[in-house]
Amino acid sequence: MKTINFGIFAHVDAGKTTLTERILYEAGSIRQVGSVDGGTAQTDFMEVEQRRKISVNAAAAEFEWNGVRFNLVDTPGHADFGAAAERSANAMDCAVVVISGVEGVQARTELICSQLAERKVPTIFFVNKLDRAGADLKAVTEDLAELEPNTLAMCASQNDGSAQTAVQSLLSDTAFDETIAEAAAMTNDECAEAYLSGELTAQMLQAALADAVADRALIPIFAGAAAIGIGVKELLDAMSRLFPAAETGDDQLAGVVFKVEHDKAVGRVAHVRLYSGSLAPRDVVSIGAAAPRKITQIRKFSGRKYRDIARLTGGDIGAVCGLDAKVGDILGDASLLPQMVPLSKPLLTVKATIADSDYVKLTEAIDELAHEEPLLAPVWVKEKRELTINVTGTIQLEVISEILEKRFGIAAQFGKPSVIYRETPVDTGFGFDAYTMPKPCWAVLKFLIEPLPIGSGVEYSSKVANNKIFYRYQSQVEQAIPTALRQGPCGWEVVDLRITLVDGEHHTIHTHPLDFIVATPMAIMNGLQAIGTKMLEPTLQFKLSAPEECAGKLIGEIINLRGTLGDSPLGRRGQIFLEGELPVSTASDFPLFVAKATGGRGILNTRFLRYRDCPQEFCEATEYRGISPLDRAKYILWVRHALENADMHL
């Protein structure tokens, strides 16, 4: 049976989970449509999701339609949980992007579409909420055409903005729409010849459309009102006809973990998209450098329910029990996986404390949550009794606090989130260290450190011959570079630089296998301290629409927040449209200002844009977490596990 793996993506409140419920109902997987507001949705089964009425994590479900087996993943729409949606995009073959027929294309919609385009994921747009007042399919279709030039409306609607709305699919087994035929002919030579000669059939057209959708040469637009079941069957028919089937790969194992959850009975449960090979209970699987583990069970989930299966094969999605896995882990051969889009990183960091000072319990709980969301990146500094995590926003922080209380019985307190800055060298220079004491040890290193343009990342190379530093030691140097750059002189991650190993030496007798791992951070930090670094701050791109009479107040506040405006403000139908850039450090209260200044009539959308130079007077350095390589003697003792009460990085 043909298998299609797809994710449902949307800006928050576009009706994504409501569409998921209606799909499962129409396909016969559930007997009654669940409600987001009522807390009965199949894929929003966590207590925190039901109470807050938002999706916090990705959730899988399966169903059949028109003889096709579907694996569906409902993803979070809120930006604070965007990493879960991004990971799902990396694990899916196809995507349905839901857009509100009232609000239209929003900031998160644009971000989702750019990520899907980068991976060339076949996509269908579903314009939802046509039954709501103000819905306008034609206007939203025009906006989508600006966002994605290859869009093609494949349905027609009537009575937009009322409960009497209706949609009609333009796909048919026996006939075809001229507009669709012309669009398909533009993407397929055989279809074009048949169309011009009058010999085009509906079957030929459907095959050409499926090829065009698979190549992302066409992005169909369908529409409806999921809450009342309008347009959902038409969407399902289109998906079964137009979406490509999952490839099954060969016998070589290759898969990726896109979600991890914990079950009280079986422990860690890893949701896996398998691209090749197969998995079965009692199979022994290795992940990275961890010890091999035996699979105990394999499950297929439909929301909160699951069934056990005997084998998971290539092209399928399932949940594997028994593995010590975390989100993002790769099973088998990574070279067989498709291109993965890097996840956006959190922009805020926060300190966690616990009233009874039971930090062992807190760190263990946070460590478990970090397997589910690695971007938390917890760091525990035992000497300072300080635990920090990275977050994407205050909503995520509130959810983490609630999960700690409900699942672990921990009443954790969190400080005020602070912005995550970055550092980059201001000039070219050298980093040097001679680690020759206390014996036995011998590792001498000299690096050339050069700044690169913002956004370039980190480049590393070596010009040292094997007779000066054995290549096996040089591989340890390269391995230690990420650790060396985790914190710079100002306490932030160091980026956008080129590091070249230009000189050094080992000793045939005194060099210990790990000496170069110890010496690399000290040499790099010595160089950065001598050269000097400057700080970079994260910024947001904003789009704002508001009544024209509010323009002066809004522009003044944007300038006051160190923001910049793009092109000249546009005015239309009594509305002003502003676009620009705001520093994350000043943007936190801007939504509240917009609401007050516009009497609730302003619409603000933001998304991460970039890191840029931060004016020195606005920079915020942070204390080094742990033992700094600049504190050379203490750092050496810590790395060699000779320092009591050393800090632990989870």
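Only this structure's heavy atoms are used, side chains among them; waters, hydrogens and symmetry mates stay out. One-based numbering along the sequence shown.
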**Item:** side-chain contact (heavy atoms from CB on, under 4.5 Å) against Asp427, all qualifying residues, sequence neighbours excluded
**Value:** Ile531
**Item:** Residues which pass side-chain contact (heavy atoms from CB on, under 4.5 Å) with Leu514, listed by chain and number, not counting sequence neighbours
**Value:** His512, Ile517
**Asked** In Å and rounded to the nearest 0.5 Å, what is the CD1 to NZ distance from Ile287 to Lys326?
**Response** 8.0 Å
**Item:** Chi angles and distances behind the side chain to side chain contact (heavy atoms under 4.5 Å, CB included) call for Leu544, Ile603
**Value:** CA-CA 6 Å; Leu544 172 62; Ile603 299 175; 5.9 Å; no
**Item:** Residues which pass side-chain contact (heavy atoms from CB on, under 4.5 Å) with Arg610, listed by chain and number, not counting sequence neighbours
**Value:** Thr539, Glu581, Arg612
**Message:** My understanding is that only residues two or more places apart in sequence, or in another chain, count here; which of them pass side chain to side chain donor-acceptor pair (under 3.5 Å) with Glu493?
**Reply:** none
**Check: Phe470 main-chain N/O paired with His506 side-chain donor or acceptor under 3.5 Å** = yes
**Message:** Does Gln413 have more than 12 heavy atoms from other residues, nucleotides or ligands lying within 6.0 Å of its CD?
**Reply:** yes
**Prompt:** Among all residues two or more places apart in sequence or in another chain, which pass the salt bridge (charged side-chain N to carboxylate O under 4.0 Å, His left out) test with Glu118?
**Reply:** none
**Request:** Would you tell me whether Glu110 and His11 have side-chain atoms, one donor and one acceptor, within less than 3.5 Å of each other?
**Result:** no
**Request:** Please identify each residue that fulfils salt bridge (charged side-chain N to carboxylate O under 4.0 Å, His left out) with Glu557, with sequence neighbours left out.
**Result:** none
**Request:** Provide the full list of salt bridge (Lys or Arg N to Asp or Glu O under 4.0 Å) pairs with a residue in residues 414-426, sequence neighbours left out, each pair given once.
**Result:** none
Compile the donor-acceptor pairs under 3.5 Å between side chains in residues 586-594 and protein atoms, sequence neighbours left out, one pair per line.
from, atom 1, to, atom 2, distance (Å)
Thr586, OG1, Leu561, O, 2.7
Thr586, OG1, Pro583, O, 3.3

**Complete:** For residues 520-534, the salt bridge (Lys or Arg N to Asp or Glu O under 4.0 Å) pairs (sequence neighbours left out) are Lys534-Asp613
**Message:** Restricting to salt bridge (charged side-chain N to carboxylate O under 4.0 Å, His left out), what partner residues turn up for Asp324, sequence neighbours left out?
**Reply:** Arg268
**Asked** Would you say the side-chain atoms of Asn526 pair up with the backbone N or O of Phe432, donor to acceptor, closer than 3.5 Å?
**Response** yes
**Complete:** Tyr421 meets the ring-ring contact (aromatic ring centres under 6.0 Å, His included) criterion, sequence neighbours left out, with Trp492
**Message:** Set out, in order, the CA-CA distance, both residues' side-chain angles and the distance that settles side chain to side chain contact (heavy atoms under 4.5 Å, CB included) for Ile524 and Val494, then state yes or no.
**Reply:** CA-CA 11 Å; Ile524 295 293; Val494 185; over 6 Å; no
**Message:** Is it true that, when you exclude Glu623 itself, more than 12 heavy atoms of the residues, nucleotides or ligands shown sit nearer than 6.0 Å to its CD?
**Reply:** no
**Item:** Counterpart residues, side-chain contact (heavy atoms from CB on, under 4.5 Å), relative to Pro374 (two or more places apart)
**Value:** Arg87, Val327
